[in-house]
Amino acid sequence: MGWDEGAVYYSDQAQVLGDGTAAAASRHSVLRKFKEFIRGFETSKNTFPYREGLLHNPKFLAVDMEDLDAFDADLPSLLRSAPADYLPLFETAAAEVLVSLKSKVPGDTGEMEERETGDVQILLTSKEDPVSMRSVGAQYISKLVKIAGITIAASRTKAKATYVTLVCRNCRNVKMVPCRPGLGGAIVPRSCDHVPQPGEERCPLDPWLVVPDRSKYVDQQTLKLQENPEDVPTGELPRNILLSVDRHLVQTIVPGTRLSIMGIYSIFQASASHRGAVAVRQPYIRVVGMEETNEANSRGAAAFTSEEVEEFKKIASQPDAYKYICSKIAPSIFGHDDVKKAVACLLFGGSRKVLPDGVKLRGDINVLLLGDPSTAKSQFLKFVEKTAPIAVYTSGKGSSAAGLTASVIRDSSSREFYLEGGAMVLADGGVVCIDEFDKMRPEDRVAIHEAMEQQTISIAKAGITTVLNSRTSVLAAANPPSGRYDDLKTAQDNIDLQTTILSRFDLIFIVKDVRMYSQDKIIASHIIKVHASANAASADSKTSKEENWLKRYIQYCRAECHPRLSESASALLQNSYITIRQDMRQQANDTGEAAAIPITVRQLEAIVRLSEALARMKLSHVATEENVQEAIRLFTVSTMDAARSGINQQINLTPEMANEIKQAETQIKRRIGIGNHISERKLIDELTRMGMNDSIVRRALIIMHQRDEVEYKRERRLIFRKA
């Protein structure tokens, strides 16, 4: 019959003690009702969904509890109160209906015979609200529950016996014992039921040997489901619960997916823990149906209605579509138009390409926002986290290399190693927002080099050698080393990141807090207006609808549109790139030092990706010259400006100033011994007390720093290296 037969078998035994015939009759009538439901349930459109569903896919059948309720109100209540008894009946009914629906086949003797009954898995779905994981307690044991959460780990697939074949070691008697479903085991009888012949010795106690090869198995996998972050009460740690899935639900879920599951709340004997406590059992949920919630967060392809597609195409065909989409990006932030345009390009992304020799070129755009505090950098990151179809937000100080890429963890029960994906792996196909990028430890920052360019993460730890995909865009926010952007310093000192990581960012924006009367006035009125209108809760649903619209539009564009450059656009881009390289070479010759941000072939690819993203916003399959010009403009106002920013060393110094700087250097060297530390603030205060000019001392320190005579440590402490 079913794989759940064990539970039915034992409950039957218990019922026979009372009124056996009545129990059997009621079970028979329930079986008949289930059959009628599968055969005869008709929707309002005069279709038979379950009958056709079985013929279309004979392996499993998804049943909606609301349909079952509409057909017969008793059936759902029976399933909810005793699912372990009635679900196997439902599966048997489905298998029998399937046989009756299929045509007969000729048997060995030539006569027409019915096909063998296959195993049909029933998957239950329901529109009811999920129960909180914290409120599921002892009163739910052996009942049907619905809970929602996010999967954090998935085990490998194991084979679970449904029937165990036993052989008596004395008389070779064979017996098949059903296994309890889920994480339960089989109950092996103590004695053999063979009646000994005269002269034959009796079978001893516990004579049974298990024959694994002749037992029946199904696939089984265990998942760990954790509460959704928004459901966790303040100050509490998120709870998690064990799930057991089998047959067709196995290997359908990857960690990081949001689920709502229907399952039977069951218990099992935990092996090592609670040796003394006999009556203590570990709860788990045996899943009998699951659905991925909020398809915007799931990995599956989202389904778009024809009305939505029509609306998307209508918006894309408008001449000001680009402006309209950029106005939807972080509307609560005033100004920063170019940053908004860059964030829009990042959300839509370029096209990913696979060359004939198997080399993959990334299509994702990486953006770095560098600048003063309180310039809405983190606000952009939070907006992207909400709007991108898949997004992970992480802060630099609290992120380690393993947390960003992947970590190898040893399973406590099976003692085997398994991989747990970090932020870059969980956001595959989406965006990773990294705040406080400059506060990350350098060795952790190196870990994301490969993820940003090759879009894979290679791991060779604890005997596991593998490559994980991390096709993500990176949006990072960082402060300059001194906290604020200092115009007195060169670009090299302001952007205190290695060129290796800077070249991986397609756009680098320097966001400055400019003090201008007119602008400050407008910003102040904008912020006050935002705060004043924030308490209007009625408009809340409208904004979330707009956010959702943008999310759906991004998803649609990414799925449907893969633009390529036109020939004229390619020629324009080629000439522009050569000009930019010449300008940078000229600047390097003039100043005598290389630019802080290198302009390499990666930057050429960045402009290509930006052009494709701009074309994708309008659902165009060709990136035109107009797109390339806008991409070059964005690149010029961001990365090129950043490369040219700050003062150059060759500032015309008057002889008097040069003399004063020399004196300041001498005083600084006297003040600090080699290898000693001192706070920059304290040093400047002491020298100004001696009658020196504040800016002269700072200039002297910058020059000494460039000559590598002094070094800045944490919290702006100076260390004197050599005389």
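The analysis underlying the following values was restricted to heavy atoms, covering all of them including side chains, and did not include hydrogens, waters or symmetry mates. What you are looking at is a predicted structure, and each value in this text was computed from that prediction instead of being measured.
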Colleague: Measure the spacing between CZ of R286 and OG of S142 and express it to the nearest 0.5 Å.
Modeller: 9.5 Å
Colleague: To the nearest 0.5 Å, tell me how far I329 CD1 sits from L347 CG.
Modeller: 5.0 Å
Colleague: For P83, enumerate each residue passing the side-chain contact (heavy atoms from CB on, under 4.5 Å) test, keeping only those at least two apart in sequence or located in another chain.
Modeller: L144, I264
Colleague: Flag the pair R80 and E128 as a salt bridge only when some basic side-chain nitrogen lies within less than 4.0 angstrom of an acidic carboxylate oxygen.
Modeller: yes
Colleague: Is there a side-chain contact between M290 and L249 (heavy atoms, below 4.5 Å)?
Modeller: yes
Colleague: Would you sort out whether Q220 and T157 count as a side-chain hydrogen bond (donor to acceptor under 3.5 Å, both in side chains), showing the intermediate values?
Modeller: CA-CA 6 Å; Q220 190 183 43; T157 313; over 6 Å; no
Colleague: Parallel, tilted or perpendicular for F348 and Y553, by the 30°/60° rule?
Modeller: perpendicular
Colleague: Any donor-acceptor pair under 3.5 Å linking the side chain of R352 with the backbone of R362?
Modeller: no
Colleague: Is there a donor-acceptor pair closer than 3.5 Å between any side-chain N or O of E227 and the backbone N or O of R239?
Modeller: yes
Colleague: Quickly, which of L223, I241, T151, L243 forms a side-chain contact (heavy atoms from CB on, under 4.5 Å) with I261? Name it, please.
Modeller: L243
Colleague: Quick one: do Y163 and R214 satisfy side-chain contact (heavy atoms from CB on, under 4.5 Å)? Show the steps, please.
Modeller: CA-CA 9 Å; Y163 281 93; R214 286 165 58 193; over 6 Å; no
Colleague: If I take atom NZ from residue K313 and atom CG from residue L619, how far apart are they, to the nearest 0.5 angstrom?
Modeller: 8.0 Å
Colleague: Less than 4.0 Å between a side-chain N and a carboxylate O, is that true for D219 and K158?
Modeller: no
Colleague: State, to 0.1 Å, how close V97 and I38 come at their nearest heavy-atom pair, and which atoms those are.
Modeller: CG1-CG2, 3.9 Å
Colleague: Honestly, is K160 close enough over Y217, meaning NZ or CZ under 6.0 Å from the six-membered ring centre and within 45° of the axis?
Modeller: no
Colleague: Any chance you could measure M262, atom CE, to I285, atom CD1, to the nearest 0.5 Å?
Modeller: 11.0 Å
Colleague: Would you indicate whether the side-chain heavy atoms of V164 and P178 approach each other to under 4.5 Å?
Modeller: no
Colleague: Quick one: closest heavy-atom pair of S620 and C561, and the distance?
Modeller: O-SG, 3.2 Å
Colleague: With side-chain contact (heavy atoms from CB on, under 4.5 Å) as the criterion, how do L166 and V188 come out once you've worked through the C-alpha distance, each side chain's angles and the decisive distance to 0.1 Å?
Modeller: CA-CA 8 Å; L166 305 172; V188 180; 3.8 Å; yes
Colleague: Nearest 0.5 angstrom please: T92 OG1 to K35 NZ, how far?
Modeller: 9.5 Å
Colleague: Would you indicate whether K353, at its atom NZ, is surrounded by more than 12 heavy atoms from other residues, nucleotides or ligands within a distance under 6.0 Å?
Modeller: yes
Colleague: Do the non-hydrogen side-chain atoms of F37 and V63 ever get within less than 4.5 Å of each other?
Modeller: yes
Colleague: Grab the two heavy atoms, one from C433 and one from E385, that are nearest each other, plus how far apart they are.
Modeller: SG-N, 4.2 Å
Colleague: Under a 4.0 Å N-O cut-off, is there an ion pair linking E311 with R552?
Modeller: no
Colleague: Tell me whether S215 contacts the main-chain N or O of T165 through its side chain, where contact means a donor paired with an acceptor under 3.5 Å.
Modeller: yes
Colleague: Less than 4.5 Å apart, side chain to side chain, heavy atoms only: is that true for Y284 and I267?
Modeller: no
Colleague: In terms of heavy-atom contacts, does NZ of K143 have more than 12 from other residues, nucleotides or ligands at under 6.0 Å?
Modeller: yes
Colleague: Quick one: does K59's side chain have a donor or acceptor within less than 3.5 Å of a partner on V120's backbone?
Modeller: no
Colleague: Step by step, work out the side-chain contact (heavy atoms from CB on, under 4.5 Å) result for L124 and M65.
Modeller: CA-CA 7 Å; L124 299 176; M65 293 288 272; 4.1 Å; yes
Colleague: Determine whether Y86 and L75 make a side-chain contact, defined as any pair of heavy atoms from C-beta on separated by less than 4.5 Å.
Modeller: no
Colleague: For S473 and V432, what are the C-alpha separation, side-chain angles and deciding distance, and is it a side-chain contact (heavy atoms from CB on, under 4.5 Å)?
Modeller: CA-CA 6 Å; S473 304; V432 179; over 6 Å; no
Colleague: Quick one: sort the F90 and F34 rings into parallel, tilted or perpendicular, breaks at 30° and 60°.
Modeller: parallel
Colleague: Just do the salt bridge (charged side-chain N to carboxylate O under 4.0 Å, His left out) check on E96 and R32 with the steps written out, would you?
Modeller: CA-CA 11 Å; E96 288 180 14; R32 205 176 63 246; over 6 Å; no
Colleague: Can you find a pair of side-chain heavy atoms, one from T222 and one from V245, that are under 4.5 Å apart?
Modeller: no
Colleague: Could you check whether any side-chain heavy atom of L87 comes within less than 4.5 Å of a side-chain heavy atom of L89, counting everything from C-beta outward?
Modeller: no
Colleague: When you measure from the side chain of Q121 to the backbone N and O of H248, does any donor-acceptor pair fall under 3.5 Å?
Modeller: yes
Colleague: Would you name the heavy atoms of E66 and K127 that are closest together and state the gap between them?
Modeller: OE2-N, 3.2 Å
Colleague: Taking side chain as C-beta onward, heavy atoms only, is L225 less than 4.5 Å from L259?
Modeller: yes
Colleague: Identify, with sequence neighbours excluded, every residue that meets side-chain contact (heavy atoms from CB on, under 4.5 Å) alongside S132.
Modeller: R134, S135
Colleague: Please give me the minimum heavy-atom distance between Y140 and Y265, naming the atom from each residue.
Modeller: O-CB, 3.4 Å
Colleague: At their closest point, which heavy atom of R616 faces which heavy atom of H562, and how far apart are they?
Modeller: NH2-ND1, 3.4 Å
Colleague: Within a radius of less than 6.0 Å around CD of E310, do more than 12 heavy atoms belonging to other residues, nucleotides or ligands occur?
Modeller: no
Colleague: Within this structure, what is the CG-CG distance for the pair D69 and L79, rounded to the nearest 0.5 Å?
Modeller: 11.0 Å
